[in-house]
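One is the number of the first residue; the rest follow in order along the sequence. The shown structure was predicted, so the numbers you read here are calculated from the model rather than taken from an experiment. As a basis for the values below, the full set of heavy atoms in this structure was taken, side chains included, without hydrogen atoms, waters or symmetry mates. Order of appearance sets the numbers: ligands from 1, and atoms from 1 within every ligand.
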Amino acid sequence: MSAVAAIVERCEKLFEDLDFNAVKQWKAAVPGRKAIGYMPVYVPRELIHAAGMLPVGILGGGDSLEVIQGDAYYQSYICRIPRSTIELGLTGRLDCLDGMLFPSICDVIRNLSGMWQILFKDKYVKYFDVPQNYQDSVGGNFYIHEMQALREDLGRLRGAPITDAELNASIAVYNDNRAAVAELYQYRAAKPWQAPTSEVYLLLRAGMVLPPEEHTLLVREYLAATELEPRARRDNARVVINGSFCEQPPLGLIKSIEMSGCYIVDDDFMLVTRWLLDEVPADGDPLDELSKAFLHRSASTAAKYENTREEKGVYLMRQVKTRGAEGVVFAAPSFCDPALLERPMLQDVLAKRGIPYTAFKYAENTGQMAPIREQAGTFADSIKLWSAA
Ligand code: SF4
């Protein structure tokens, strides 16, 4: 087996393991270790890491988990990730977690947070609010207060307060992890045939359960290995995926888009790995620096408030320009209010700039890929025809 295939196989095993054995093994290696789950899109994982705990990204049940009890907790017409997350919890698969953080993504996640508090009374559960105001003196103060509360909670959970030195050390660890992921994204945009998104995606998923130090090494190992294994280059259309920041598409859907003739050169999968856009100073007041990074140097998504209409689409256009994309594929979960309400505004921005786009919806357990492959293939063909004109 080639080095790349071995890395991808390892990531695939982690991705498919809905019993979170990697987390159980990490905990078992040192008695007393704790793990804290979080839902996408962003939580300051540095705080969890600084407490000596493992941050674990919980991204629903995917397409292999049968949701039986989870459906009873929600009405029919909402997305699937809360139901499958409840299913994971009720079936004991998340028993290895000592707590859960629910960031303020949307009302569905807010409700899920409340349900979790009722269902799992013996666990630490926090609805983690993030600011909707980007002034340091308003949103910044609020956010520092929110992070301080989390810091104190986690300190109590481990039995000792989290120090500034521990936080700064964790900021440095995550700076390195973000740098590795940024290298991966730059490499894929430069040579998408060498780093298919089906592999990049699995690498990111591995980062949801592995300690960040180990994940950083794995990403760099992959980059070194894939560069040594030349693959065929195709005349594919270069696209950005938008709308998949919360409930994830099935892996088969990502593969279908690629097989249809598209190179995915940027996306919004697991934004927590790239939320902060540059290095956070690791020698200052840690919460203040994390707050400033969130307020002034962070990614954009439908779950994040934007002050003015002019800001809408700026981040997406930057992705298109810097990655040399030729079009945008809007792929959002069915019934995802944030993504689907923002979509027309983003489409308007693209239309005004002559950037082609196509749009469809999915669920994490979507099984029928033929229509998506046909739509993405037609889109890729049309891009090639236009660019040849
Ligand atoms: S998929 Fe969309 S609607 Fe559903 S929980 Fe996530 S952000 Fe909310």
Side-chain angles (χ1 to χ4, degrees), residues 37-43 56-65 67 69-90 94 100-120 125-132 201 204-205 208 241-254 267-275 294 298-306 312 315-316 328-347 359-367 372:
Y38 62 91
M39 298 280 295
V41 177
Y42 175 75
V43 297
V56 182
I58 302 298
L59 296 152
D63 57 0
S64 59
L65 181 74
V67 173
Q69 303 175 71
D71 273 341
Y73 288 76
Y74 283 99
Q75 67 274 32
S76 305
Y77 298 111
I78 63 157
C79 56
R80 195 170 185 271
I81 188 170
R83 311 160 198 274
S84 62
T85 305
I86 285 270
E87 189 77 22
L88 288 173
L90 291 176
L94 301 180
M100 273 292 284
L101 302 181
F102 294 90
S104 56
I105 306 171
C106 68
D107 287 347
V108 173
I109 299 291
R110 184 189 290 269
N111 292 347
L112 181 59
S113 169
M115 286 183 192
W116 216 264
Q117 289 171 33
I118 293 167
L119 286 170
F120 305 105
V125 184
K126 183 171 174 63
Y127 181 73
F128 185 74
D129 223 343
V130 294
Q132 308 291 341
Y201 180 81
L204 290 193
R205 285 295 294 246
M208 298 295 102
I241 299 277
N242 181 279
S244 308
F245 53 87
C246 184
E247 179 175 318
Q248 302 291 287
L251 186 58
L253 189 148
I254 295 170
D267 59 63
D268 53 4
F269 305 134
M270 285 160 277
L271 272 175
V272 67
T273 61
R274 312 175 305 289
W275 185 258
F294 183 96
S298 59
S300 179
T301 180
K304 181 179 171 187
Y305 179 71
E306 276 163 339
K312 199 56 81 186
Y315 182 76
L316 177 60
V328 173
V329 174
F330 290 99
S334 293
F335 305 112
C336 176
D337 281 356
L340 295 173
L341 286 169
E342 184 175 68
R343 185 186 274 183
M345 291 183 268
L346 295 178
Q347 289 176 335
F360 56 79
K361 291 180 276 186
Y362 63 82
E364 62 179 1
N365 63 340
T366 293
I372 285 167

Looking at [atom], what's its closest protein heavy atom, distance included?
| atom | result |
| --- | --- |
| atom 6 (Fe) of ligand 1 | C246 SG, 2.3 Å |
| atom 7 (S) of ligand 1 | I105 CG2, 3.5 Å |
| atom 3 (S) of ligand 1 | C336 CA, 3.5 Å |
| atom 8 (Fe) of ligand 1 | C106 SG, 2.2 Å |

- Output yes if C79 passes the N/O/S-under-2.8 Å test against atom 8 (Fe) of ligand 1; output no otherwise.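 Checking C79: none of its N, O or S atoms is under 2.8 Å.
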- Message: With heavy-atom distances below 4.5 Å as the criterion, would you say the side chains of M345 and E306 are in contact?
- Response: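 Contact flag for M345/E306 side chains = no.
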- Just wondering, do T366 and F360 contact through their side chains at under 4.5 Å, heavy atoms?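 No, their side chains stay 4.5 Å or more apart.
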- Does NZ in K361 sit with more than 12 non-hydrogen atoms of other residues, nucleotides or ligands closer than 6.0 Å?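 No, because the 6.0 Å sphere around NZ of K361 holds 12 heavy atoms or fewer from other groups.
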- Once the angle between the rings of F269 and Y201 is folded into 0 to 90°, is it parallel (under 30°), tilted (30 to 60°) or perpendicular (over 60°)?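 Plane angle over 60°, so perpendicular.
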- Item | Per-atom contacts of ligand 1 with I109, taking only distances under 4.0 Å to non-hydrogen atoms |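 Close to I109: 5 (S).
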- Query: What atoms of ligand 1 come within less than 4.0 Å of a heavy atom belonging to I81?
  - Reply: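 In order of numbering, the contacting atoms are 5 (S).
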- Message: Measuring centre to centre across the rings, with the benzene-like ring taken for any Trp, is Y42 within less than 6.0 Å of F294?
- Response: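 Yes, they do, as the ring centres are separated by less than 6.0 Å.
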- Message: Measuring from atom CG of D129 to atom CZ of F102, what distance do you get when rounded to the nearest 0.5 angstrom?
- Response: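 Here the interatomic distance stands at 14.0 Å.
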